Structures are given as C-alpha cells and as structure tokens.
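Notes follow once the structure below has been shown.
The chain is numbered in sequence order, starting from 1. The structure presented is a predicted model; accordingly, all values stated were derived computationally and were not measured.
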Amino acid sequence: MLNLVLKRLLAAVPVVLIVATVVFGLLRMAPGDPARVIAGDMASEETIAQIRANLGLDQPLLTQYTLAMGALARGDLGTSIVSKQPVSTLIAARLGPTGALALSALTLTVLLAIPLGVLSAWWHRRAFDRATMALTVLCFSVPAFVVGYVLILVFSVTLNWFPVQGYAPLADGLGGFVHRLALPSLTLATVFVALITRITRASMLDVLGEDFVRTARAKGAPERTVLFRHALRNAAAPIVTVVGVAITTLISGVVVTETIFNIPGVGSLIVDAVLARDYPVVQGTILFFSFIYVFVNLAIDLVYVLLDPRIRY
C-alpha cells in the first residue's frame, strides 16, 4: 500500500507541472494588462511601465516562467498583484465556505443518489423506476445556474423560507450555517444526484442477476440484506469511481454556485482574480484545485483495494 501511495504521488508531479505550464501560458495570452488595472484609467504610461517593472511583467516570458516554476517548487504559490498578500493566505481565508459547501453537497448527493439507485434497480421497470429516471434526465438537462435561480425564486423570493444570498460560518451557530447552505448545496448536488443515481442503478442491475444474489435469496436472506450487503457491496466499484468524478467536478460547480449565492469562497476568489487580471491568484487557485484532483484520484485507488482485495496495481 505504501509503495502504491509513493508511486502515485511521484506520478502526480509531472501532472502538476503540465497544469502549471498550461495555466501560465493561457494567462499570458489572455487580453488585458494587470498593470493598467492597478494603475487605473487615468494613469500615465510612465506609471503603468513602472508598475509592470515592479511586478516583473516587463521581463521575457521565459524568465517569468522560470521564476514562477521555481517558486512553485518551493511551495510558494506567489503573491497577489492586487492585494499584495500571499496567494496561499487568500486561499486559506476562503477555504472554509468552499469546503463547507462542497462537503454538504457531496453528503446530500450520496444520501439521495445511492438509495434512489438501489431502489430503482430493485423496482426495475415499475412506476418508481420510471419516475426516478425521468427526474434524473430533467436534472441532467437543466444547467446548475438555472436550478439555483429557480430555487431562489421559489424558496427565497416567493416562500421566504431561505435567504437569497450569503454565508454563515459554523462558529455562529448550526442553525444559520445549515439555513444558508441549504439552497447552494441543493443546487450543486442536483446534477451529481442524477449521475450517481443512474450509475448506481445500472451497476445494481448487473449484480442482481448474478448467481450469488439468487443463492442468497434461495437461502432465505431478507431482501434488505440481499440489496445492501451482497449486491451493493459488489456493485460499489463503479459507484466509487463516479463519486470520485463528482468530487473533482464539484470544483467547476463551486465557482458557479458561489457566484449565484454570493458565498465568499475560493470560487468567488478566482472569479474576482480573473476580472482583475491577478495572474498569481488565478494560477495559484487552479494549482490548488489540481492538487485536490490528484489527491482524490489517489484516494479512489486506495478505496478500490479496500473494496476488492483482488485489485493490485
């Protein structure tokens, strides 16, 4: 197991390097000048040139790239051009709301999707199965931002059950924390509930036709035991894969959801940085998300080994 972890961590190094290189190139090709944004519309060309020199933007691209990669190798994500604070500090300050939103959305997804998928497979081609599959198609078809605005219109504006925007930290009380995260979590979880439900259903249908399931039923095992102890355990590998994909895909969903509900997380940080042409913040947040992606894939590989001892890498 330790060898597997070390090999995967070493394999992640070139992945992170490629991501950093691509992000560096794309940011430099994007229109806009951070020096002009900082200086303002009324600044002179001399002032703008001085700001560019202070930021190192007047140096050749190869020099900028070498300095950026050297800082990354030291664990330094850079310093914000706008706020002059370390990027790692800015990410750490915004990590709480993003982590709470992602964790609550993932918990809601798993609690809803897996039971729905299991029951749909159990009641295959019945009314419950058809209704569930129709609902998943609807969730797939509607973009997340549309779901968010519909939920705001219904539950915030019309019924006045939930606040429209904002975030309350857990330290201020569990009630306010859950109250403000309910709609954003449901918005973010909608697509993933549909995805995991369909995968769980398909995987369960494959397993329910196996001989060991028929044997368990022939021995008189309760249907609940057959479904959740025998069938679901053997159908878990594809479900774990999709849950891992959902975790990594939450990254893009977090950006949209935090913007809709005005949550001060990492997603809104990267949006503000893009608008301000704050290169180090954009590059640092993308690299941070790529680290999460690598870690999640490593965790999925380890879960595979725990679920099925026959799997070896």
Side-chain angles (χ1 to χ4, degrees), residues 1-34 55-82 85-92 94-95 98-99 102 106 191-192 195 240-256 258 265-305 311 313:
M1 185 70 72
L2 180 60
N3 290 334
L4 169 63
V5 174
L6 293 177
K7 288 179 181 179
R8 292 307 302 269
L9 290 177
L10 290 176
V13 174
V15 174
V16 174
L17 180 60
I18 293 173
V19 170
T21 303
V22 171
V23 172
F24 178 88
L26 290 177
L27 289 177
R28 266 57 182 185
M29 291 188 294
D33 188 353
L55 297 176
L57 298 176
D58 59 336
Q59 300 181 9
L61 284 179
L62 182 59
T63 303
Q64 296 183 41
Y65 175 78
T66 303
L67 293 175
M69 293 303 106
L72 179 61
R74 297 191 301 271
D76 182 9
L77 296 179
T79 303
S80 170
I81 294 175
V82 177
Q85 297 183 25
V87 175
S88 56
T89 302
L90 295 176
I91 293 176
R94 302 288 193 101
L95 195 56
T98 298
L106 182 62
V191 175
F192 304 111
L195 174 63
V240 168
T241 302
V242 178
V243 170
V245 172
I247 294 174
T248 55
T249 313
L250 281 173
I251 295 172
S252 59
V254 160
V255 175
V256 176
E258 288 184 355
V266 181
S268 58
L269 173 65
I270 193 172
V271 171
D272 295 339
V274 170
L275 295 177
R277 302 295 188 271
D278 198 341
Y279 292 158
V281 175
V282 176
Q283 183 170 303
T285 50
I286 293 177
L287 289 175
F288 172 74
F289 284 136
S290 68
F291 294 151
I292 295 178
Y293 181 85
V294 170
F295 174 78
V296 169
N297 279 276
L298 174 60
I300 292 172
D301 290 342
L302 298 180
V303 171
Y304 283 161
V305 177
I311 297 177
Y313 292 92

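With sequence neighbours excluded, the residues forming a side chain to side chain contact (heavy atoms under 4.5 Å, CB included) with T66 are L62, listed by chain and number. Under the rule for a side-chain hydrogen bond (donor to acceptor under 3.5 Å, both in side chains), the partners of T21 that lie at least two apart in sequence or sit in another chain are Y65. Take I18 and apply the side chain to side chain contact (heavy atoms under 4.5 Å, CB included) test, not counting sequence neighbours, and it matches V22. Considering only residues two or more places apart in sequence or on other chains, L195 meets the side chain to side chain contact (heavy atoms under 4.5 Å, CB included) condition with F140, I199, V242. Taking T98 as the reference, E258 meet the side-chain hydrogen bond (donor to acceptor under 3.5 Å, both in side chains) condition, with sequence neighbours excluded. Partners of S80 according to the side chain to side chain contact (heavy atoms under 4.5 Å, CB included) rule, which considers only residues two or more places apart in sequence or in another chain, are V82, S83, L90, D278, V281.
Residue I270 comes nearest to I286 through the heavy atom pair CD1-CG1, 3.9 Å, listed as atom of the first residue, atom of the second, then distance. Residue L17 comes nearest to M69 through the heavy atom pair CD1-SD, 3.8 Å, listed as atom of the first residue, atom of the second, then distance. Heavy atoms only, all atoms of each residue included: V266 and I91 are closest at CG2-O, 4.1 Å.
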